*Asks:* 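This structure is in structure tokens; I'll ask about it shortly.
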Amino acid sequence: SSSATAMTTPTATTTTAATTTTRAALRTLPSVFPCWLAGKALLTPRTTPVWDKYTQEVATHVSLASQEDVHRAIEAAERTKDAMARLPAFQRKDILSQVATELRERLEEFATLLAIEAGKPIRDSRVEISRAIETFQIAAEESVRLYGEYVPLDMSSRTKG
């Protein structure tokens, strides 16, 4: 079972702490983050700003993929889908476990970026990244138990269609 995390409204103390944390982080951010295409970083001419919700300053920019870039990404995925489908369970598990490990090693970095971009208190951002780590850990464990079964997801009207 999972427990719900209470929503918090930033107080003067959490806002000041978050602002201090984000200002320090702003000095270390790259000016532009790439998008990724077939496992390779791609810096594009078009970017979009990422606003620091606490300081109201542009924290960094993110590359925007063009329509051609998106088509190339889809083609790359199509070229690898058969190989991915043949991947043995232990290799799927290793890949997903590696993602969880790398997220864990970079938890503070990702939590800080999330706090800056979303305006969340840093402790809430840490919880969110920790949930992502747990999700990849669970997926890694379950990836060796794919037996052709499926779980119907029609328990709610939101899933209709």
Side-chain angles (χ1 to χ4, degrees), residues 1-74 76-77 80 84 87 91-144 151 153 155-159:
S1 74
S2 64
S3 61
T5 302
M7 295 293 290
T8 59
T9 303
T11 62
T13 304
T14 59
T15 301
T16 302
T19 302
T20 302
T21 300
T22 58
R23 283 196 180 132
L26 285 173
R27 291 189 291 272
T28 63
L29 290 178
S31 60
V32 180
F33 278 89
C35 53
W36 291 83
L37 174 64
K40 293 184 176 73
L42 177 65
L43 291 170
T44 63
R46 289 184 49 229
T47 63
T48 190
V50 176
W51 292 90
D52 182 327
K53 302 302 187 281
Y54 286 103
T55 65
Q56 301 304 310
E57 299 171 7
V58 173
T60 187
H61 290 81
V62 176
S63 292
L64 292 176
S66 67
Q67 189 172 10
E68 180 182 316
D69 295 330
V70 172
H71 287 298
R72 287 192 348 232
I74 292 168
T80 61
M84 293 301 294
L87 205 60
Q91 286 181 316
R92 284 192 303 268
K93 180 180 180 181
D94 289 348
I95 291 166
L96 293 166
S97 294
Q98 185 61 37
V99 171
T101 297
E102 290 185 28
L103 280 172
R104 189 177 306 103
E105 290 169 356
R106 297 173 61 189
L107 187 143
E108 281 303 310
E109 175 187 353
F110 286 117
T112 301
L113 288 169
L114 183 58
I116 290 168
E117 191 272 332
K120 292 181 176 215
I122 190 68
R123 73 173 176 263
D124 292 350
S125 296
R126 288 181 184 122
V127 168
E128 192 164 333
I129 301 304
S130 295
R131 284 185 192 146
I133 293 166
E134 290 173 10
T135 299
F136 277 100
Q137 288 172 327
I138 291 166
E141 291 302 321
E142 291 302 317
S143 70
V144 295
V151 177
L153 298 175
M155 75 230 28
S156 168
S157 60
R158 293 184 316 223
T159 61

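What you are looking at is a predicted structure, and each value in this text was computed from that prediction instead of being measured.
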*Asks:* Roughly how far apart are E68 CD and H71 NE2, rounded to 0.5 Å?
*Replies:*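 One gets 9.0 Å once the value is rounded to the nearest 0.5 Å.
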*Asks:* Got T44 and S66 here, is their nearest side-chain heavy-atom distance under 4.5 Å?
*Replies:*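 No; the side chains remain at least 4.5 Å from each other.
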*Asks:* Could you check if a side-chain atom of L42 sits within less than 4.5 angstrom of a side-chain atom of W36, using non-hydrogen atoms only?
*Replies:*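 They are not in side-chain contact.
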*Asks:* Is there a side-chain contact (heavy atoms from CB on, under 4.5 Å) between L107 and S130 once you walk through the steps?
*Replies:* CA-CA 8 Å; L107 187 143; S130 295; 3.6 Å; yes
*Asks:* Could you list the residues that satisfy side-chain contact (heavy atoms from CB on, under 4.5 Å) with R46, not counting sequence neighbours?
*Replies:* L64
*Asks:* Return the set of residues passing salt bridge (Lys or Arg N to Asp or Glu O under 4.0 Å) with D69 (not counting sequence neighbours), or none when no residue passes.
*Replies:* R72
*Asks:* E108: what forms a salt bridge (Lys or Arg N to Asp or Glu O under 4.0 Å) with it, not counting sequence neighbours?
*Replies:*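 Listed in chain order: R126.
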*Asks:* Measure from the side-chain N and O atoms of K120 to the backbone N and O of A115, and report whether any donor-acceptor pair falls under 3.5 Å.
*Replies:*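 Flag not set: sc K120 to bb A115 has no pair under 3.5 Å.
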*Asks:* So, do I116 and L29 sit near enough that their side-chain heavy atoms are less than 4.5 Å apart?
*Replies:* yes
*Asks:* So, T60 side chain and S31 main chain: donor-acceptor pair closer than 3.5 Å or not?
*Replies:*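 Judged by distance alone, yes, a pair lies under 3.5 Å.
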*Asks:* Is a side-chain N or O of S63 found less than 3.5 angstrom from the main chain of F33, in a donor-acceptor match?
*Replies:*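 Looks like yes, one N/O pair under 3.5 Å.
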*Asks:* More than 12 non-hydrogen atoms from neighbouring residues, nucleotides or ligands closer than 6.0 Å to CD on Q67, yes or no?
*Replies:* no
*Asks:* For the backbone of I133 and the side chain of R104, can you confirm whether one donor and one acceptor N or O come within less than 3.5 Å of each other?
*Replies:* no
*Asks:* Would you say the side-chain atoms of Y54 pair up with the backbone N or O of G119, donor to acceptor, closer than 3.5 Å?
*Replies:* yes
*Asks:* Under 3.5 Å, sequence neighbours excluded: what are the donor-acceptor pairs made by side chains of residues 95-103?
*Replies:*
{"from": "S97", "atom 1": "OG", "to": "K93", "atom 2": "O", "distance (Å)": "2.9"}
{"from": "Q98", "atom 1": "NE2", "to": "E102", "atom 2": "OE2", "distance (Å)": "2.9"}
{"from": "T101", "atom 1": "OG1", "to": "S97", "atom 2": "O", "distance (Å)": "3.0"}

*Asks:* Which residues pass the side chain to side chain donor-acceptor pair (under 3.5 Å) test with R106, not counting sequence neighbours?
*Replies:*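 For R106 the side chain to side chain donor-acceptor pair (under 3.5 Å) partners, ignoring immediate neighbours, are E109.
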*Asks:* Looking only at heavy atoms, what is the nearest atom pair of V70 and A65, with distance?
*Replies:*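 What the structure gives for the nearest pair is CG2-CB, 4.2 Å.
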*Asks:* Quick one: list whatever passes side-chain contact (heavy atoms from CB on, under 4.5 Å) with E134, sequence neighbours left out.
*Replies:*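 Listed in chain order: Q137.
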